[in-house]
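Written below as structure tokens is the structure these notes are about.
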There are 2 protein chains.
Amino acid sequence: MELRKIFNRISVLRQERGISRKELAEKIGVNFQTVGYLEREEYNPSLDLAFRISEYFNLPINLIFSTKPLKPLSEELLNLKKDTK
Amino acid sequence: MELRKIFNRISVLRQERGISRKELAEKIGVNFQTVGYLEREEYNPSLDLAFRISEYFNLPINLIFSTKPLKPLSEELLNLKKDTK
DNA sequence: GCTATTTGTTGTAAATTTACAACAGACGGT
DNA sequence: ACCGTCTGTTGTAAATTTACAACAAATAGC
């Protein structure tokens, strides 16, 4: 089906929480190397795994994953502030 | 990884739009039997495919897919109205 | 009734995701 | 310098998703 690459913010979110890949892996129930593969965007998570990550970070899927390259969160925040002023 | 089953509203949304599985399949770029598998929830879509469906229906992933059984849309609507009054 | 379209289902092969093991490099604390 | 933890990477096997072909049943239009 020629899969598109999905971009994600997993490593940023994980580092914000100050946890290691191993800890995150345990929380979401996968091998720690799998977290590595996901952070390096070497392959896409399954929908179920995407939901587990979303549940762990308490953020909707669309905020963590995107079909388009993700800007740094800091920049997104800046744009939001611009819009509301 | 013992995958959880993900529930979805694909068949309702498709029927609301009045299109066939074949038409939907063409729009999202998969085989029409694949749409059948998804509607019967025999397997979960990949994250990319979930995004294509989300883009086609112009709805966020979380409104179409869920880890918990989905109530009819009519009921969801009723709950929303209750909350706001 | 006939025909076309849609849907449900099954089977097999290909592609993708995940687990797991192994190893190397970076980094911090002692 | 040593030790432990974290990270990056590669390889292989297992599980899951997808394509595709085939066929039956249901439905709608003529």
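Every chain is numbered from 1, with letters handed out A, B, ... down the list of sequences. Predicted, not measured: the structure shown is a model, and the values here were computed from it. Worth knowing before you read on, the calculation uses all heavy atoms, side chains too, and leaves out hydrogens, waters and symmetry mates.
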Measure from CD1 on Ile28(A) to C1' on dT17(C) and round the result to the nearest Å. 13 Å
Report the distance from atom OG of Ser46(B) to atom CZ of Phe51(B), rounding to the nearest 0.5 Å. 11.0 Å
Show every donor-acceptor pair shorter than 3.5 Å between a side-chain atom in residues 8-19 of chain B and any protein atom, with sequence neighbours excluded, or say none if there are none.
from     : atom 1 : to       : atom 2 : distance (Å)
Asn8(B)  : OD1    : Ile10(B) : N      : 2.9
Asn8(B)  : ND2    : Leu38(B) : O      : 3.0
Arg9(B)  : NE     : Leu63(B) : O      : 3.1
Arg9(B)  : NH1    : Lys71(B) : O      : 2.6
Arg9(B)  : NH2    : Glu76(B) : OE2    : 3.3
Arg14(B) : NE     : Glu39(B) : OE2    : 2.5
Arg14(B) : NH1    : Ile19(B) : O      : 2.9
Arg14(B) : NH2    : Glu39(B) : OE1    : 3.1
Arg14(B) : NH2    : Glu39(B) : OE2    : 3.4
Gln15(B) : NE2    : Ser11(B) : O      : 3.4
Arg17(B) : NH2    : Phe57(B) : O      : 3.0

Whole-Å distance separating the CG atom of Leu24(A) from the C1' atom of dC6(D): 14 Å
Sequence neighbours excluded, every pair satisfying salt bridge (Lys or Arg N to Asp or Glu O under 4.0 Å) that has a member inside residues 22-31 of chain B: none
Find out if a path of hydrophobic residues (ILVMFWY) with successive side-chain heavy-atom gaps under 4.5 Å connects Ile53(A) to Tyr56(A). yes
Residues at least two apart in sequence or cross-chain that pass ring pair (Phe, Tyr, Trp, His ring centres under 6.0 Å) with Tyr37(B), listed by chain then number, are Tyr43(B)
Kindly write out the residues that satisfy side-chain contact (heavy atoms from CB on, under 4.5 Å) with Asn31(A), not counting sequence neighbours, or none if the list is empty. Gln33(A), Thr34(A)
Give me the other members of the hydrophobic cluster that Phe7(B) sits in, counting Ile, Leu, Val, Met, Phe, Trp and Tyr linked by side-chain heavy atoms under 4.5 Å, directly or via other members. Leu70(B)
Along nucleotides 18-28 of chain C, 5' to 3', which nucleotides get a B, which get an S, and which get a -, given that the test is a protein heavy-atom distance under 4.0 Å? BSBBB------
d(Thr67(B) OG1, Asn44(B) CG) to nearest 0.5 Å is 11.0 Å
For DNA chain C, which residues of residues 4-20 of chain B approach it to below 4.0 angstrom with any heavy atom? Arg14(B), Ser20(B)
If I compare all heavy atoms of Asn62(A) with all of Ile61(B), which pair ends up nearest, and what's the gap? ND2-N, 3.6 Å
Could you state the CD-P distance from Glu39(A) to dC6(D), rounded to the nearest angstrom? 13 Å
Letter by letter from the 5' end, nucleotides 25-30 of chain D scores (B base, S sugar-phosphate only, - none; protein heavy atoms under 4.0 Å) ------
Rounded distance (Å) that lies between atom P of dT16(D) and atom CD of Glu42(B): 14 Å
Residues pairing under salt bridge (Lys or Arg N to Asp or Glu O under 4.0 Å) where one sits in residues 51-64 of chain A, two or more places apart or in two chains, turn out to be Asp48(A)-Arg52(A), Glu55(A)-Arg4(B)
